[in-house]
Amino acid sequence: MSFHRLGLFTRLVRSDASEDAATVYRHAREQFDLAERLGYDGAWVAQHHLDPAEGGLPSPFVFLAHAAARNPRLRLGTAIVTLALEDPIRVAEDAAVLDVLSAGRLEIGVGAGGSGHAFELFGLTGANRQQVYAEKLATLTAALTGAPLVGDRGLNPPARTLRDRIWQATFSAAGAARAGLAGDGLLLSKAQPRDPAAPDATLWEIQTPLLDAYLDALPTGVEARIGASRGVFVADDHDTAWTLAERGAARFLEQLRRNGGPEVATTVQEVLRDSFIGTPDEVVAQLSADAALRHATDFIVQVHPVDPGQEATLRSIELIATKVAPQLGWREGTTP
């Protein structure tokens, strides 16, 4: 394995329908606190709209500003801001303010994705997502670089080096090449859609063409940044891990049936097929086979779609940092 940094990712979803937003946000804060104590290098949040079962956080910069004050060491990332739905100048302004408040610890991940109801919410039904995304990404990048926005006036506050911490999420080789050509980081999702022509391909087999396209396009002298997000749930014993995983997958399957989208599955087994589940030694063996992870600079773990409840989630976060990641070569406090 080659990853230097260990990251925690959360969609801030409920593990039980009775949980309100205050509970979900408190749980996420507790997870960040534990990650910081255990030496994780970063923590990332997703942006979702309307449906709390899909994701509970529409305002990632607000949450991360709170985390920045609470967690003085963790790097803080968005994975992702759905840029096609946002005003890119407002994203640049919010990101620049947060980067100042966090002393340069923001990692800004962006993407074109989002559920159909989110695009409907912002009146963008039928819009060409990729074209809109590309135009807004160009505006965001220019603003972060310090380009004049009105007359000779540029972004305030200036974004300093934040331009060098843009990450692009994509499901396609063309998108990966675009990220590489720009010198941006590449975010690989655990929710990578499958090619109908190769339904049994592993997650890393599907993502290898993206890695190749990114690395081929990266300008000479620009350091690769590859974040591989993986669904990982670790428990102290095998049976507990799989009982909780199958319970969570059944709940998630119901949500998929309501919303559809790129993560569509029809069985519990399909929901879990790209997840890494078991005891620490079992998960180490599973992750060691992930060829895409060998190219990652950032290994980003999330408990979704298992979402087993707060106690089991905190235990999994601990086991990953103390039992799993060290066997894969990660060492606390050695981030380059």
dist His27:NE2 -> Glu19:CD (nearest 0.5 Å) comes out at 5.5 Å
For Val232 and Ser316, the nearest pair of non-hydrogen atoms, with its separation, is O-OG, 4.0 Å
Report task. Kindly confirm or rule out a cation-pi arrangement of Arg70 over Phe32, judged by NZ or CZ under 6.0 Å from the six-membered ring centre and within 45° of its axis? Result -> no
Could you go through Leu106 and Phe61, starting from their C-alpha distance and side-chain angles, then the distance that decides it, and tell me whether this counts as side-chain contact (heavy atoms from CB on, under 4.5 Å)?
CA-CA 10 Å; Leu106 179 62; Phe61 293 119; 4.3 Å; yes
**Asked** Does Arg75 use its side chain to pair, donor to acceptor, with the backbone of Asp41 at less than 3.5 Å?
**Response** no
>> Could you go through Ile108 and Val91, starting from their C-alpha distance and side-chain angles, then the distance that decides it, and tell me whether this counts as side-chain contact (heavy atoms from CB on, under 4.5 Å)?
In response: CA-CA 10 Å; Ile108 179 168; Val91 171; 4.1 Å; yes
Donor-acceptor side-chain pairing of Glu282 and Gln286 below 3.5 angstrom: no
- Query: Counting only N and O atoms by type, is there a donor-acceptor contact under 3.5 Å from the side chain of Asp290 to the main-chain atoms of Leu293?
  - Reply: yes
Side-chain donor-acceptor pair present, Thr279, Asp281, cut-off under 3.5 Å
no
Practice problem: Take Lys323 and Asp236 through the test salt bridge (Lys or Arg N to Asp or Glu O under 4.0 Å) and record every step on the way to the result. | Solution: CA-CA 11 Å; Lys323 304 290 186 182; Asp236 290 290; over 6 Å; no
Of all heavy-atom pairs linking Ala112 and Ala84, the shortest is O-CB, 4.1 Å
- Counting only N and O atoms by type, is there a donor-acceptor contact under 3.5 Å from the side chain of Gln302 to the main-chain atoms of Ser229? no
Residue pairs meeting salt bridge (Lys or Arg N to Asp or Glu O under 4.0 Å), one or both in residues 142-163, sequence neighbours left out, come to Asp99-Arg160, Arg163-Asp184
Check: Can you check side chain to side chain donor-acceptor pair (under 3.5 Å) on Thr266 and Glu270, steps first, answer last?
Finding: CA-CA 7 Å; Thr266 58; Glu270 288 180 356; 2.9 Å; yes
Review point. Is it the case that one hydrophobic cluster holds both Leu74 and Trp44, taking links as side-chain heavy atoms less than 4.5 Å apart, direct or via other members?
Key: no
Tightest non-hydrogen contact, residues Ala201 and Ile206, listed as CB-CG1, 3.9 Å
| said: Count I, L, V, M, F, W, Y as connected when their side-chain heavy atoms are under 4.5 Å apart, and connections chain through other members. Are Leu186 and Phe171 then in the same cluster? | reply: no
Is there side-chain contact between Leu211 and Trp204, with at least one heavy-atom pair below 4.5 Å? no
Task: side-chain contact (heavy atoms from CB on, under 4.5 Å) assessment of Leu12 paired with His48 - done: CA-CA 9 Å; Leu12 291 93; His48 292 91; over 6 Å; no
Can a donor-acceptor pair be found, under 3.5 Å and without considering hydrogens, that links the side chain of Arg251 to the backbone of Asp307?
yes
To the nearest 0.5 Å, atom CZ of Phe299 lies from atom CZ of Phe9 at 13.5 Å
- request: Mark yes or no for whether Arg90, through its side chain, and Asp87, through its backbone, hold a donor-acceptor pair below 3.5 Å.
  value: no
ask   = Are the side chain of Thr202 and the backbone of Glu205 linked by a donor-acceptor contact shorter than 3.5 Å?
value = yes
>> side-chain contact (heavy atoms from CB on, under 4.5 Å), that's the test. Do Asp298 and Leu187 meet it? Break it down for me.
In response: CA-CA 9 Å; Asp298 294 67; Leu187 287 174; over 6 Å; no
Rounding to 0.5 Å, atoms OG1 (Thr141) and CG (Leu162) come to a distance of 10.0 Å
- Are the side chains of Pro308 and Arg315 in touch, meaning some heavy atoms are under 4.5 Å apart? no
Please check: side-chain N/O of Arg5 versus main-chain N/O of Gly227, any donor-acceptor pairing under 3.5 Å?
no
Exercise. State whether Arg194 and Asp274 are salt-bridged, where the test is any N-O pair (Lys NZ or Arg NE/NH1/NH2 against Asp/Glu carboxylate O) under 4.0 Å.
Key: yes
Taking the side chain as C-beta and beyond, is there a heavy-atom pair between Leu203 and Arg230 under 4.5 Å?
yes
- prompt: Between the side chain of Arg225 and the main-chain N/O of Thr297, is any donor-acceptor distance below 3.5 Å?
  reply: no
So do the side chains of Gln47 and Ile80 get within less than 4.5 Å of each other, counting heavy atoms only? no
Under 4.5 Å between any side-chain heavy atoms of Gln207 and His295, yes or no?
no
request  = Using the rule that two of Ile, Leu, Val, Met, Phe, Trp, Tyr join whenever any of their side-chain heavy atoms come within less than 4.5 Å, decide whether Ile300 and Leu6 are in one cluster.
outcome  = no
Distance col, row Leu253:CG vs Glu246:CD, nearest 0.5 angstrom, shows 12.5 Å
Worksheet item: Is the Phe252 ring parallel, tilted or perpendicular to the His304 ring (thresholds 30°, 60°)?
Response: perpendicular
Interatomic distance, CG@Asn71 vs CZ@Arg37, rounded to 0.5 Å, equals 9.5 Å
Heavy atoms of Gly7 and Tyr40 approach each other most closely as C-CD2, 3.9 Å
Closest heavy-atom pair, Leu140 versus Leu83, reported as atoms and distance to 0.1 Å, is CD2-CD2, 4.1 Å
Practice problem: Look only at the side chain of Tyr214 and the backbone of Ile226, and say whether a donor-acceptor pair between them is shorter than 3.5 Å. | Solution: no
Same cluster (ILVMFWY, side-chain, under 4.5 Å), Leu314 and Phe276: yes
- prompt: Hey, are the side chains of Arg105 and Leu64 touching, using non-hydrogen atoms and a 4.5 Å cut-off?
  reply: no
ask   = Does Val97 share a hydrophobic cluster with Val62, counting links as ILVMFWY side-chain heavy atoms below 4.5 Å and allowing steps through other members?
value = no
Can you find a heavy atom in the side chain of Thr313 that is under 4.5 Å from one in the side chain of Thr10?
no
Report task. Would you confirm whether Arg73, through its side chain, and Glu36, through its main-chain N or O, come within 3.5 Å as a donor-acceptor pair? Result -> yes
In this structure, CH2 of Trp242 is separated from CD1 of Ile277 (nearest 0.5 Å) by 4.0 Å
Residues passing the side chain to side chain donor-acceptor pair (under 3.5 Å) test with Trp167, sequence neighbours excluded, are Glu107
Counting C-beta onward and ignoring hydrogens, is there a side-chain heavy-atom pair between Leu34 and Leu38 closer than 4.5 Å? yes
* **Thr240-Asp237 side chain donor-acceptor pair, cut-off 3.5 Å** => yes
I'd like to know whether CD of Glu135 has more than 12 heavy-atom contacts from other residues, nucleotides or ligands below 6.0 angstrom. yes
Nearest heavy-atom contact between Thr78 and Pro60 is CG2-CB, 4.1 Å
Open item on the list: Counting the benzene-type ring for Trp, do Phe122 and His49 have ring centres under 6.0 Å apart?
Closed with: yes
